[in-house]
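Presented below is the structure to which this report refers.
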Amino acid sequence: MVIRNVRNFGLMDTIYYEAHKNLYLNLTNRCSADCIFCIRNFADGVYGYDLRLSREPTTEEVTGALGELDLSKYREIVFTGLGEPTLRLDVVLAVTRWLKSRSIRIRLDTNGQAALINPGRDVISELKSAGIDSISVSLNAESEEKYNKLCRPIHRNAYGAILDFIREARKAGISTRVTVVEVSEIDLEKCKKLADELDSDFHVRVLSEAASKEI
Ligand code: SF4
């Protein structure tokens with residue numbers, strides 16, 4: 001696993017890095033939730049890599065940096081990072097279009113709150129049109145009450161919006177995965193059942209993966 005920094009960007013901010021034969025993009029450190037297990041509360045990044053950004057990269061800076069890489073060697077390019085990518089939806093869409101024109105497989109790792117973050121927009125249609133292949137959603141709870149307690153979203157009704165986001169993605173034909181963090185408060189069996197009902201794959205992450213949303 002090799003981390004790559006972008007030369008001349010901020011103070012050598014890490015806006016992309018390699019892991020698990022994928023390339024991960026780090027567009028923001030902001031999030032619309034504040035999960036009690038979020039690694040942002042305990043560290044500056046994952047795998048010993050510093051993902052704190054001195055400023056958020058523009059579309060041109062991201063595509064310019066990616067243009068210097070051999071992208072064909074990655075299984076997929078993943079929007080993830082130490083924050084919620086859909087807070088930068090326009091950058092996600094523009095970079096996705098740029099990658100799709102190069103026939104690259106693209107995944108969005110998200111907290112699923114995009115509709116609340118971007119009110120008035122049809123986020124799923126926009127992601128689909130841009131070329132997103134799959135979406136991995138951090139659900140992290142089998143009920144709204146537990147979600148609010150563990151993930152402390154800034155928006156009301158976040159849990160229902162997340163479930164709707166997953167349903168709409170499936171309806172649009174986008175491959176979906178539901179993830180949960182392995183902490184004692186979360187009922188994994190019930191979350192797995194929910195993932196089945198949502199016609200989505202299911203993945204349990206160990207605590208250290210919680211903010212990176214990787215694998
Ligand atoms: S774990 Fe993910 S969704 Fe939760 S606060 Fe951190 S970045 Fe946001």
Side-chain angles (χ1 to χ4, degrees), residues 13-17 19-20 22 24-57 77-89 91-92 107-118 123-124 127 132 134-166 169 176-188 191 194-195 198 200-215:
D13 286 348
T14 302
I15 63 170
Y16 64 82
Y17 58 99
H20 315 295
N22 294 335
Y24 294 90
L25 303 183
N26 180 32
L27 299 184
T28 185
N29 293 159
R30 295 177 290 134
C31 189
S32 54
D34 181 21
C35 302
I36 60 169
F37 40 73
C38 182
I39 204 158
R40 296 183 311 163
N41 299 328
F42 311 105
D44 290 329
V46 291
Y47 307 124
Y49 301 134
D50 189 346
L51 299 180
R52 297 282 180 196
L53 295 168
S54 60
R55 67 177 174 86
E56 295 179 336
I77 311 293
V78 184
F79 292 100
T80 180
L82 206 63
E84 169 52 37
T86 63
L87 279 160
R88 306 207 63 216
L89 182 60
V91 177
V92 168
R107 186 177 94 207
L108 169 67
D109 287 5
T110 176
N111 64 16
Q113 297 176 22
L116 297 173
I117 293 169
N118 301 278
V123 178
I124 288 295
L127 290 170
I132 285 280
S134 66
I135 297 177
S136 180
V137 179
S138 306
L139 186 62
N140 290 327
E142 68 277 12
S143 69
E144 178 168 20
E145 184 187 9
K146 194 169 286 184
Y147 183 82
N148 288 342
K149 188 173 157 214
L150 294 176
C151 295
R152 303 181 293 195
I154 61 173
H155 298 285
R156 292 176 62 196
N157 307 320
Y159 192 72
I162 296 167
L163 298 182
D164 286 345
F165 182 79
I166 299 168
T176 55
R177 180 178 76 165
V178 164
T179 72
V180 298
V181 175
E182 191 173 26
V183 291
S184 58
E185 292 96 331
I186 299 173
D187 187 325
L188 298 181
C191 288
L194 193 48
L198 292 164
S200 299
D201 292 335
F202 182 66
H203 177 65
V204 179
R205 290 175 292 134
V206 295
L207 198 52
S208 62
E209 296 168 355
S212 68
K213 303 184 281 288
E214 291 174 0
I215 300 177

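Atoms within a ligand are numbered from 1 in the order they appear, just like the ligands themselves. Basis for what follows: all heavy atoms, side chains included, without hydrogens, waters or symmetry-related copies.
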Show which atoms of ligand 1 fall inside a sub-4.0 Å distance from at least one heavy-atom site of Cys31. 3 (S), 5 (S), 7 (S), 8 (Fe)
Near Asn111 (heavy-atom distance under 4.0 Å), the atoms of ligand 1 are 3 (S)
Could you tell me whether Glu185 and Lys149 make a salt bridge, using a distance below 4.0 angstrom between a side-chain N and a carboxylate O? no
Residue list, salt bridge (charged side-chain N to carboxylate O under 4.0 Å, His left out) with Asp187, at least two apart or on another chain: none
Which residues pass the salt bridge (charged side-chain N to carboxylate O under 4.0 Å, His left out) test with Asp201, sequence neighbours left out? none
Per-atom contacts of ligand 1 with Ala33, taking only distances under 4.0 Å to non-hydrogen atoms: 5 (S)
Between Thr80 (side chain only) and Val78 (backbone N and O only), is there a donor and an acceptor less than 3.5 Å apart? no
With the threshold set at under 4.0 angstrom, would you say Glu84 reaches ligand 1 through any of its heavy atoms? no
